[in-house]
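Starting from 1, each residue takes its place in the sequence as its number.
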Amino acid sequence: MAVTVLSGTSGALYYKPAGTTGTFGEAGVNTTDDEITIESYLNLKVGDPVKFSVVNSQTGGSGTGTLPAGLAAGTTYYVIAYAAATGVLKVSATAGGSAVDITDDGTIAAPNEFQVAYADYAAVGQVQSWSFEISRAEIDVTTIGQTAGQYAPFRAYIPGFADGSGTATVYVTNEDSALSNRMVEDVLQRQQVGCAFKLYTDKQSTEALSRSIAMDAVLISASININPDDAQQVEIAFRPTGVPTFDFSTSA
């Protein structure tokens with residue numbers, strides 16, 4: 001079977017903004033004003049698509065409980081107000097619509113809690129390139145007392161922990177809502193929870209046919225390059241906060 005080598009034109013970068021995951025309990029639900037109080041100084045912006053769920057605060061996985069009435073798990077809502085200083089959040093069922101009518105506080109018990117998070121990865125359309133590097137630590141396990149011979153003995157190693165680092169070069173645009181501009185701002189976001197990347201080596205119209213590397217991440221630097229001969233570019237550096245998911249296989 002002939003093998004086709006992928007080119008850079010097959011790639012793409014998708015992103016979830018930093019500081020867009022928050023949690024709350026029953027006491028944080030205000031049914032009178034249809035408001036929810038989550039952590040303060042997150043990075044949620046008007047128009048952001050979000051989803052609600054119940055999570056286990058100890059494991060980080062799915063939890064047990066019932067969301068406040070008016071909110072359904074798996075449904076996309078849109079932020080219509082978020083006060084950073086107080087953490088008060090309002091959402092709508094439609095972009096720019098009226099607030100969802102929340103009629104009860106929901107039901108959870110520790111260690112479970114309610115969570116609101118950016119709904120899904122979104123394409124960054126102004127990416128010039130991205131790179132991602134994985135490395136392994138080397139642990140020296142050389143022993144002394146080896147049998148003397150004609151040649152110098154070689155050291156012995158075993159692999160240790162893995163580490164990763166990545167960069168994305170994005171164009172600065174005159175559109176305030178462009179995700180490329182938001183990525184630059186997010187480098188200074190104190191709370192990075194929610195930040196995630198999906199790096200496509202081969203982006204197809206069907207997700208099952210696409211190849212990608214997905215990871216929760218933190219943004220660690222932004223290097224801005226401006227000169228009169230080129231479009232304005234910023235190189236964003238990031239690190240995974242856990243084990244990346246490699247999906248290099250496809251299925252029809």
Side-chain angles (χ1 to χ4, degrees), residues 14-122 177 179 182-198 214-220 238-242:
Y14 281 54
Y15 176 61
K16 290 182 184 180
T20 53
T21 297
T23 57
F24 60 100
E26 294 179 35
V29 181
N30 182 335
T31 58
T32 302
D33 297 322
D34 298 321
E35 296 174 340
I36 296 165
T37 300
I38 58 176
E39 293 89 346
S40 59
Y41 299 110
L42 292 180
N43 190 29
L44 291 165
K45 299 182 183 296
V46 172
D48 278 355
V50 295
K51 290 182 179 180
F52 290 87
S53 61
V54 180
V55 297
N56 185 307
S57 62
Q58 293 180 346
T59 66
S62 297
T64 57
T66 304
L67 286 170
L71 301 174
T75 298
T76 298
Y77 298 92
Y78 299 88
V79 175
I80 57 174
Y82 173 69
T86 61
V88 174
L89 172 73
K90 279 191 174 186
V91 298
S92 172
T94 58
S98 58
V100 169
D101 183 19
I102 301 174
T103 57
D104 70 35
D105 299 343
T107 304
I108 50 170
N112 300 290
E113 56 190 358
F114 301 128
Q115 177 177 274
V116 57
Y118 202 86
D120 203 356
Y121 292 99
S177 61
L179 271 181
R182 188 165 179 178
M183 285 175 65
V184 179
E185 298 173 354
D186 286 356
V187 171
L188 287 178
Q189 179 64 32
R190 181 172 61 86
Q191 300 194 59
Q192 292 277 309
V193 61
C195 177
F197 287 89
K198 197 161 193 180
M215 72 199 77
D216 293 332
V218 291
L219 304 172
I220 55 178
F238 58 90
R239 282 191 179 279
T241 58

Side-chain donor-acceptor pairs of residues 96-108 under 3.5 Å, sequence neighbours excluded:
residue, atom, partner, partner atom, Å
D104, OD1, A69, N, 2.9
D104, OD1, G106, N, 2.9

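F24 meets the ring-ring contact (aromatic ring centres under 6.0 Å, His included) test with F114; sequence neighbours excluded. Applying the side chain to side chain contact (heavy atoms under 4.5 Å, CB included) test to V46 and every residue at least two apart in sequence or in another chain returns nothing. Listed by chain and number, the residues in a side chain to side chain donor-acceptor pair (under 3.5 Å) with S177 are E175 (sequence neighbours excluded). Considering only residues two or more places apart in sequence or on other chains, Y14 meets the ring-ring contact (aromatic ring centres under 6.0 Å, His included) condition with Y200. Partners of F197 according to the ring-ring contact (aromatic ring centres under 6.0 Å, His included) rule, which considers only residues two or more places apart in sequence or in another chain, are Y15, F238. Listed by chain and residue number, N112 satisfy the side chain to side chain donor-acceptor pair (under 3.5 Å) test with T64 (two or more places apart in sequence, or in another chain). Applying the side chain to side chain donor-acceptor pair (under 3.5 Å) criterion to K198, with sequence neighbours excluded, gives E207.
Residue pairs meeting the side-chain hydrogen bond (donor to acceptor under 3.5 Å, both in side chains) criterion with at least one member in residues 74-92: none, sequence neighbours excluded. For the side-chain hydrogen bond (donor to acceptor under 3.5 Å, both in side chains) condition, the pairs that include at least one residue of residues 20-40, sequence neighbours left out, are T23-E39, N30-D33. Applying the ring pair (Phe, Tyr, Trp, His ring centres under 6.0 Å) test to every pair with at least one member in residues 85-105, sequence neighbours left out, gives no pairs at all. For residues 42-61, the pairs satisfying salt bridge (Lys or Arg N to Asp or Glu O under 4.0 Å) are D48-R182, with sequence neighbours left out.
The minimum heavy-atom distance linking P240 with M215 is given by the pair CB-SD, 3.9 Å. Among all heavy-atom pairs drawn from R190 and Y41, the shortest one is NH2-CB, 4.1 Å.
Residue L42 holds its CG atom at 11.5 Å from CD of Q192, rounded to the nearest 0.5 Å. Rounded to the nearest 0.5 Å, atoms CD (E113) and CD (Q58) are 10.0 Å apart.
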Item to check | Steps toward side-chain contact (heavy atoms from CB on, under 4.5 Å) verdict (C195, L219) | outcome: CA-CA 8 Å; C195 177; L219 304 172; 3.9 Å; yes
Checklist entry - side-chain contact (heavy atoms from CB on, under 4.5 Å) between V116 and I36: does it pass, once the steps are laid out? => result CA-CA 10 Å; V116 57; I36 296 165; over 6 Å; no
